[in-house]
Visitor: 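Structure below; questions to follow.
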Number of protein chains: 2
Amino acid sequence: MAVTIYDVAREANVSMATVSRVVNGNPNVKPATRKKVTACIERLGYRPNAVARGLASRKTTTVGVIVPDISKSYYAELSRGIADVATMYEYNIILSNSDKRPLREIELIEDHLGKQVDGLIFMSDSISEDVRKEMISANVPIVLAGTHDTELDFPTVNIENKKAAYHAVNELIANDHKRIAFISGPFSRDINRLAKKTGYEEAMSEAGLSIPEGYIVETDNTYDDAYEVWNRLRKLPEPPTAIFAGNDEIAVGLMNGIRDAGLTVPDDIEMICFQHSLLARAVRPQLTAIRVPLYDLGAVSMRLLTKLMNGEEVDQQQVVLPYQVEERDSVRKK
Amino acid sequence: MAVTIYDVAREANVSMATVSRVVNGNPNVKPATRKKVTACIERLGYRPNAVARGLASRKTTTVGVIVPDISKSYYAELSRGIADVATMYEYNIILSNSDKRPLREIELIEDHLGKQVDGLIFMSDSISEDVRKEMISANVPIVLAGTHDTELDFPTVNIENKKAAYHAVNELIANDHKRIAFISGPFSRDINRLAKKTGYEEAMSEAGLSIPEGYIVETDNTYDDAYEVWNRLRKLPEPPTAIFAGNDEIAVGLMNGIRDAGLTVPDDIEMICFQHSLLARAVRPQLTAIRVPLYDLGAVSMRLLTKLMNGEEVDQQQVVLPYQVEERDSVRKK
DNA sequence: TTGAAAGCGCTAACAT
DNA sequence: ATGTTAGCGCTTTCAA
């Protein structure tokens with residue numbers, strides 16, 4: 001049996017209330033008493049039971065994190081940002097994978113609420129109606145990280161995806177390209193459909209460029225799927241001369257497909273992409289990319305959540321983080 | 001105020017004990033009663049409070065996972081294996097990053113124990129004496145995943161690292177190489193020092209090959225550090241003609257360094273490495289590698305932990321998982 | 001500055 | 001098959 005607050009109280013000849021005060025740093029304790037109690041805590045190796053504490057105080061100092069798949073570098077990096085800020089504010093994290101399945105997401109939200117988390121960080125491709133309902137009726141604050149919220153129901157932290165996409169495509173346009181394709185991740189992901197694709201379309205449209213049939217390709221976001229894409233692109237009446245890729249895994253798959261077809265990047269095809277991992281820098285040629293601050297995305301989300309959990313007023317419910325362009329070798333320098 | 005078991009009991013005209021039985025699937029409930037209670041639960045939107053349940057039952061159905069850094073693909077993949085099996089057995093996971101700092105590790109173990117986790121999965125480069133003491137005195141089962149335990153104090157799940165290293169080096173030897181270098185991650189990691197390095201040395205020794213000064217290089221496990229390594233290697237009196245790398249990130253950094261020095265893999269230098277991520281497959285030439293089943297490593301660790309938490313007898317305290325060699329293009333086919 | 005006592009919401013004997 | 005009751009280990013009034 002573990003040692004409890006009672007054992008310490010008895011040993012120190014004080015009431016359990018006093019021990020509780022000492023443990024919680026309550027100033028209303030005579031220094032002498034505090035010292036005596038602290039000594040007993042030390043001697044007995046007393047460690048407060050966070051579960052009992054949670055039941056009594058109705059706060060668990062635990063937050064839930066629901067992520068599509070922690071094994072993806074995107075979410076792994078983001079989660080590290082969340083975790084570090086959580087540690088800073090003395091929260092623990094319950095981490096669960098949803099695989100973006102709405103039913104599973106609902107299950108997880110309920111599960112986490114049952115565990116009495118003090119707040120929740122949620123990530124997904126899109127918010128289904130049932131998930132939205134579930135989250136609206138939750139009794140703890142919820143922050144969306146890297147996740148689009150069409151209804152603006154929840155506090156959200158995101159990158160300037162649309163602007164970044166617009167920017168990226170314009171880098172290609174500046175190099176005199178007329179035939180620019182967009183190879184995307186799944187359009188079931190709001191950010192792909194509503195932000196990156198729109199940024200691409202606006203840049204093309206403003207430059208007076210058309211987007212022929214087949215220039216917008218939806219992949220499942222994997223290297224292997226992207227590898228096959230060039231085989232389709234090359235058969236187009238007018239194959240693209242430049243490519244904007246939704247992320248670096250897609251870009252690398254595609255680039256290898258291009259290379260294995262006997263073409264060269266950037267001589268034959270120029271490419272730019274969003275960068276989520278080391279990949280963009282590890283391949284040759286290194287990929288010119290929009291660097292996405294994933295760690296910060298997580299950190300800022302968690303910071304926002306601490307404020308919400310603390311009942312603080314938050315002026316910015318929709319936080320947007322800046323991106324950065326890393327000029328490398330898949331786009332020719334002017 | 002959330003709805004409690006009392007509210008349901010009152011609403012259904014039964015005792016709270018009966019509600020508890022229904023919630024917990026206890027068979028000693030008349031079907032009619034069960035139905036009535038279930039209806040009330042549904043109507044009131046009752047959700048059991050896991051904290052109260054944990055306090056009363058002394059089980060939280062939560063396990064702690066202490067990982068060096070979740071943003072590293074190695075641990076991200078491994079953690080996904082843990083998480084999936086945890087879900088299967090209805091456990092939640094509290095995930096914390098230690099950065100391998102022993103003081104932080106101890107802090108985290110105590111923190112997790114305070115949260116009353118039912119078990120712990122621990123990962124690190126090495127077990128410090130203080131950490132060992134802390135873990136030995138823990139009152140819940142602890143499994144080490146991908147972590148060497150020199151004292152065999154704890155149940156452990158690992159890959160056959162030494163045998164795999166031995167195997168890898170022999171692939172190079174079979175291609176008639178005499179000058180084979182080993183580029184490793186930090187030797188503060190037991191697995192690098194005690195398993196991979198030993199496998200390398202044994203293979204070399206058995207083949208009657210010497211290991212000249214400078215052939216064993218310790219890196220900090222990063223792409224950038226590895227990139228610089230070739231600059232040192234090339235200046236050796238007899239530079240190596242083949243390289244065994246501790247993982248694919250090292251290998252890719254090194255390979256790019258080699259390429260930027262004007263040499264070609266595998267024509268000038270052949271390479272083999274341990275594979276932890278997509279990297280080995282995404283670069284060109286693709287890297288011949290020892291594929292490490294990280295997901296399985298996590299899954300098996302968690303499965304082992306469930307048995308331990310369940311008080312089941314476990315015959316194998318030291319589980320060793322097989323590896324697999326993926327023949328690709330950084331080693332010439334015979 | 002300290003103590004007494006009433007919960008927090010549930011499980012798990014024990015009774016019936 | 002169902003109900004009663006005593007905790008689980010703490011926080012938090014309220015008194016003193």
Side-chain angles (χ1 to χ4, degrees), chain A residues 1-38 40-41 44-62 90 110-111 113-118 139-140, chain B residues 1-38 40-41 44-62 90 110-111 113-118 139-140:
Chain A
M1 202 79 283
V3 12
T4 74
I5 200 169
Y6 278 105
D7 302 322
V8 178
R10 194 181 325 112
E11 186 83 2
N13 278 309
V14 297
S15 73
M16 56 172 306
T18 299
V19 180
S20 175
R21 289 190 187 95
V22 171
V23 168
N24 293 296
N26 185 316
N28 291 329
V29 180
K30 201 163 51 171
T33 319
R34 179 182 305 280
K35 200 172 160 192
K36 185 174 58 175
V37 171
T38 308
C40 289
I41 287 178
L44 300 184
Y46 168 69
R47 181 193 300 125
N49 180 324
V51 172
R53 182 181 273 182
L55 184 58
S57 69
R58 305 157 148 293
K59 291 191 302 169
T60 55
T61 60
T62 300
E90 307 203 87
E110 297 198 326
D111 182 24
L113 293 177
K115 292 258 169 162
Q116 313 303 117
V117 294
D118 296 334
N139 55 342
V140 297
Chain B
M1 200 80 286
V3 14
T4 74
I5 202 170
Y6 278 105
D7 302 322
V8 178
R10 192 180 329 109
E11 184 84 4
N13 278 307
V14 297
S15 74
M16 57 173 305
T18 298
V19 179
S20 175
R21 289 191 187 95
V22 170
V23 168
N24 293 295
N26 185 315
N28 291 328
V29 180
K30 201 162 53 174
T33 323
R34 178 182 305 280
K35 199 172 161 193
K36 184 174 59 177
V37 171
T38 308
C40 291
I41 289 178
L44 301 183
Y46 168 69
R47 181 192 300 124
N49 180 323
V51 173
R53 183 182 273 183
L55 185 58
S57 68
R58 304 156 150 292
K59 289 190 302 169
T60 55
T61 60
T62 300
E90 308 202 86
E110 296 198 327
D111 182 24
L113 293 177
K115 292 257 169 163
Q116 312 303 118
V117 294
D118 295 335
N139 57 342
V140 298

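We name chains A, B, ... by the order of the sequence lines, and we start the count at 1 in each one.
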Visitor: If we ignore hydrogens and angles and just use 3.5 Å, is the side chain of B:N26 paired with the main-chain N or O of B:N28 as donor and acceptor?
Guide: yes
Visitor: Using OP1 and OP2 only, check whether a side-chain N or O of B:T18 sits under 4.0 Å from D:dT2.
Guide: no
Visitor: As a test of reading the structure: which of C:dC8, D:dA1, C:dC10 is closest to the side chain of A:R58, going by heavy atoms?
Guide: C:dC8
Visitor: What nucleotide among D:dG3, C:dG9, D:dC10 has an atom nearest to a side-chain atom of B:N49?
Guide: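 The nucleotide sitting nearest to the side chain is C:dG9.
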Visitor: Would you indicate what A:S20 reaches in the nucleic acid, counting non-hydrogen atoms under 4.0 angstrom: base, sugar-phosphate, or nothing?
Guide: base
Visitor: What is the separation between atom CG on A:D7 and atom C1' on D:dC10, rounded to the nearest whole Å?
Guide: 13 Å
Visitor: Looking only at heavy atoms, what is the nearest atom pair of A:Q116 and B:V51, with distance?
Guide: CG-CG2, 3.5 Å
Visitor: Can you figure out which of D:dT12, C:dG9, D:dC10 approaches the side chain of A:L55 most closely?
Guide: C:dG9
Visitor: Could one point to a donor on the side chain of A:R21 or the base of C:dG3 with an acceptor on the other under 3.5 Å away?
Guide: yes
Visitor: Find which nucleotide of DNA chain D each of A:I5 and B:P27 is nearest to by heavy atoms, and output the residue with the more 5' nucleotide.
Guide: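 Result of the comparison: B:P27.
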Visitor: Rounded off to whole Å, could you give me the CE-to-C1' distance for the B:M16 and D:dA6 pair?
Guide: 11 Å
Visitor: Measuring to OP1 and OP2 of D:dT2, would you say a side-chain N or O of B:T33 lies under 4.0 angstrom away?
Guide: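 Affirmative; the distance criterion is met.
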Visitor: Using the side-chain heavy atoms of A:N24, tell me which of these nucleotides is nearest: D:dT11, D:dG9, C:dG3.
Guide: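 So the side chain of A:N24 is nearest to D:dT11.
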Visitor: If you assign A:K30 and A:A56 each to the DNA chain C nucleotide with the nearest heavy atom, which residue ends up on the more 5' nucleotide?
Guide: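 In this pair, the answer is A:K30.
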Visitor: Select one nucleotide: of C:dC10, D:dT2, D:dG9, the one nearest the side-chain heavy atoms of B:V29.
Guide: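 The closest nucleotide is D:dT2.
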Visitor: For A:T60 and B:K115, which heavy atoms make the closest approach, and how far apart are they?
Guide: O-NZ, 2.7 Å
Visitor: What heavy-atom pair brings A:R53 and A:V23 nearest, and what distance separates the two atoms?
Guide: NH2-CG1, 3.1 Å
Visitor: If the cut-off is 4.0 Å, is B:S57 near the phosphate of C:dT11, judged by side-chain N/O to OP1 or OP2?
Guide: no
Visitor: Nearest-Å distance, CG (B:N26) to P (D:dG3)?
Guide: 13 Å
Visitor: For B:S15 and D:dG3, is the shortest distance between a side-chain N/O and OP1 or OP2 below 4.0 Å?
Guide: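 Affirmative; the distance criterion is met.
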Visitor: Does A:R53 make a side-chain N or O approach to OP1 or OP2 of D:dG9 shorter than 4.0 Å?
Guide: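 Indeed not, no polar side-chain atom of A:R53 lies that close.
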Visitor: In whole Å, I'd like the distance from the NZ atom of B:K115 to the P atom of D:dC8.
Guide: 22 Å
Visitor: Between D:dG3, C:dC10, C:dA5, which nucleotide has the shortest distance from any of its atoms to the side chain of B:Y46?
Guide: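 Comparing D:dG3, C:dC10, C:dA5 against the side chain of B:Y46, the answer is C:dC10.
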Visitor: B:N28 has an atom CG; how far is it from atom C1' of C:dA12, in whole Å?
Guide: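 From B:N28 CG to C:dA12 C1': 13 Å.
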Visitor: Among D:dT5, D:dC8, C:dG3, which is the nearest nucleotide to the side chain of A:V14?
Guide: C:dG3
Visitor: Using every non-hydrogen atom in the two residues, find where B:V8 and B:V19 come nearest and quote the distance to one decimal.
Guide: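 Nearest heavy atoms, B:V8 then B:V19: CG1-CG1, 3.8 Å.
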Visitor: Please tell me which of A:A17 and A:P31 maps to the more 5' nucleotide of DNA chain C, matching each residue to the nucleotide holding its nearest heavy atom.
Guide: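 Of the two residues, A:P31 wins.
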Visitor: Specify the separation, in whole Å, of atom CZ of B:R47 and atom C1' of C:dC10.
Guide: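 It works out to 16 Å between those atoms.
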Visitor: If you compare all heavy atoms of A:T61 against all heavy atoms of A:D118, which two are closest, and at what distance to 0.1 Å?
Guide: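 So the minimum-distance heavy-atom pair works out to N-OD2, 2.7 Å.
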Visitor: Atom CZ of B:R10 to atom P of D:dG3: distance rounded to whole Å?
Guide: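 From B:R10 CZ to D:dG3 P: 15 Å.
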